[in-house]
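Predicted, not measured: the structure shown is a model, and the values here were computed from it.
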Amino acid sequence: MRVLVTGGAGFIGSHIVTALVAAGHEPVVLDALCARAHARDPQLPQAEFVRADVRDPQAVRAALPGVDAVCHQAAMVGLGKDFADAPEYVSCNDLGTAVLLGAMAETGVRRLVLAGSMVVYGEGRYECPAHGVVRPGPRRPEDLAAGRFEARCPVCGAGLAAGLVGEDAPLDPRNVYATTKLAQEHLAAAWSRAVGGTAVSLRYHNVYGPRMPRDTPYAGVASLFRSALARGEAPRVFEDGGQRRDFVHVRDVADANVVVLEALSGLPAGVLTAYNTGSGDPHTVGEMADALARACGGPRPLVTGEFRLGDVRHVTADSSRLRQEFGWHPRVGFAEGMEEFARARQRASASLV
């Protein structure tokens, strides 16, 4: 199978390319090599390579002939610096996806796997002892400033028990990045209906592992902690460190992409189907920082009480649908993965070389 991997020189995309080659497929990489994610002279994947922006219709159309499926990983990621980033997020993520889907519609490519994200859910699943499953609103700045980090029942104000989110949960993006990831899914769903295409969104959890970029305002929390430890500094843990997340290894995410790409021909056309993609073994941010610090032999994490508006308290999802329908199972455990990540080289950004 010949697969166009947008963003295929990036962190997750490069692992997908490696997994595709190992499975006997023919990846074609389309990547703009943006400075946020790449050094001036990045290591390119061992595959056919097209240096182009996914927002360039001519370049995308030229890359599609002979392609059987598209694995769309190109995106601007992370929470960013502030709301002034919004136009660039929308341009990279949503305009880029629209251009890609338009070119696929023109050239007859009808199979798509999209890099989705668990951020589309907003806060995770919560249950109140008195009112059952509830949807808390955004946390108030005054509560966060006072160290009241846990979401409360919107009816009675009681404490809530956090649980696993299923794919049929209401979608409630809480920041610009999350909003663009949901818009990508809506665009892919519209494309699939219009052309009879098959579309899958893999809603990634907190992906980590080798080749993760060094700390920038757009890096994930695991990368920020790893970079601090590489400098001999203590990881700075926001809030009280009790935020629950599902840290999933990048090789497991790459394997999930390959498994789904190979199954696309047997999936329903005309709809987008979403699958949570996580390890199934949630941990707190504080536990992750502790594990990395121990593995690096570095200073213990510093819990700061700081917070970022737009962050959610707990979000961990049920990934059983992906396991049951495709037979995919994550293979890298939390302790093993953090030990490896502590030793792995990180990808430098242009501003850091």
Side-chain angles (χ1 to χ4, degrees), residues 5-14 16 30-38 51-57 59-60 70-104 112-123 138-139 171-191 199 201-208 212-224 238 245 250 253 272 274 277 307-312 315 347 349-352:
V5 184
T6 70
F11 166 46
I12 298 175
S14 65
I16 293 172
L30 187 144
D31 199 302
L33 301 181
C34 294
R36 282 186 307 274
H38 299 278
R51 182 168 184 171
D53 195 309
V54 75
R55 293 169 291 186
D56 181 343
V60 175
V70 172
C71 186
H72 184 31
Q73 305 296 312
M76 184 173 175
V77 301
L79 193 58
K81 292 178 288 188
D82 52 43
F83 200 85
D85 284 329
E88 192 169 10
Y89 272 104
V90 172
S91 177
C92 290
N93 296 358
D94 299 337
L95 175 60
T97 299
V99 169
L100 172 66
L101 294 172
M104 292 173 65
L112 172 72
V113 173
L114 171 69
S117 176
M118 54 82 189
V119 295
V120 299
Y121 297 116
E123 287 284 355
R139 295 180 295 168
L171 304 180
D172 185 17
R174 298 288 175 93
N175 56 58
V176 171
Y177 170 64
T179 302
T180 65
K181 296 306 290 183
L182 181 55
Q184 284 184 309
E185 290 195 357
H186 287 320
L187 287 165
W191 165 84
S201 176
L202 294 178
R203 290 177 178 164
Y204 302 158
H205 277 253
N206 292 67
V207 186
Y208 74 96
M212 204 171 188
R214 278 193 241 159
D215 59 312
T216 77
Y218 308 95
V221 65
S223 179
L224 295 173
F238 280 16
R245 299 290 188 269
V250 66
V253 168
L272 176 136
T277 309
F307 60 89
R308 299 189 303 179
L309 293 177
D311 276 346
V312 298
V315 57
R347 182 187 299 265
S349 70
S351 60
L352 296 172

So, taking the atom named CG in Asp85 and the one named CE in Met76, what distance separates them when rounded to the nearest 0.5 Å? 4.5 Å
Verify side chain to side chain contact (heavy atoms under 4.5 Å, CB included) between Phe11 and Ser223, making sure each step is shown before the conclusion. CA-CA 11 Å; Phe11 166 46; Ser223 179; over 6 Å; no
Would you name the heavy atoms of Tyr177 and Val77 that are closest together and state the gap between them? CE1-CA, 3.7 Å
Between Leu95, Leu100, Val60, which is the residue that forms a side-chain contact (heavy atoms from CB on, under 4.5 Å) with Arg55? Leu95
Is a donor on one side and an acceptor on the other found under 3.5 Å between the side chain of Asn93 and the backbone of Ala75? no
Test of understanding: with salt bridge (Lys or Arg N to Asp or Glu O under 4.0 Å), list the residues that count as partners of Arg139, not counting sequence neighbours. Glu123, Glu239
In short, Lys181 meets Ala115 closest at the heavy-atom pair NZ-O, 2.6 Å
Distance-minimising heavy-atom pair for Ile12 and Val250: CA-CG2, 3.9 Å
What distance separates Asn206 CG from Ser117 OG, expressed to the nearest 0.5 Å? 8.0 Å
Can you name the closest pair of heavy atoms from Val54 and Cys92 and give their distance? CG1-O, 4.4 Å
Please enumerate all residues that pass side-chain contact (heavy atoms from CB on, under 4.5 Å) together with Ala222, with sequence neighbours excluded. Tyr208, Met212, Met288, Phe341
Test side-chain contact (heavy atoms from CB on, under 4.5 Å) applied to Leu171 - qualifying residues, sequence neighbours left out: Val120, Tyr121, Leu182, Arg203
Please name the pair of heavy atoms, one in Leu272 and one in Ser201, separated by the smallest distance, quoted to 0.1 Å. CD2-CB, 4.1 Å
Report the residues that fulfil side-chain contact (heavy atoms from CB on, under 4.5 Å) with Thr97, sequence neighbours left out, ordered by chain and then residue number. His72, Leu101, Gln184, Leu187
Determine whether Asn175 and Val119 make a side-chain contact, defined as any pair of heavy atoms from C-beta on separated by less than 4.5 Å. no
Which residues satisfy the salt bridge (Lys or Arg N to Asp or Glu O under 4.0 Å) test with Asp94, sequence neighbours excluded? none
Kindly write out the residues that satisfy side-chain contact (heavy atoms from CB on, under 4.5 Å) with Ala86, not counting sequence neighbours, or none if the list is empty. Phe83, Val176
To the nearest 0.5 Å, what is the distance between CZ (Arg51) and CG (Leu33)? 4.5 Å
Pair Asp31, Gln73 - check side chain to side chain contact (heavy atoms under 4.5 Å, CB included), show working. CA-CA 10 Å; Asp31 199 302; Gln73 305 296 312; over 6 Å; no
Where do Gly7 and Ala74 come nearest, in terms of heavy atoms and distance? N-CB, 3.7 Å
Is there side-chain contact between Val253 and His205, with at least one heavy-atom pair below 4.5 Å? no
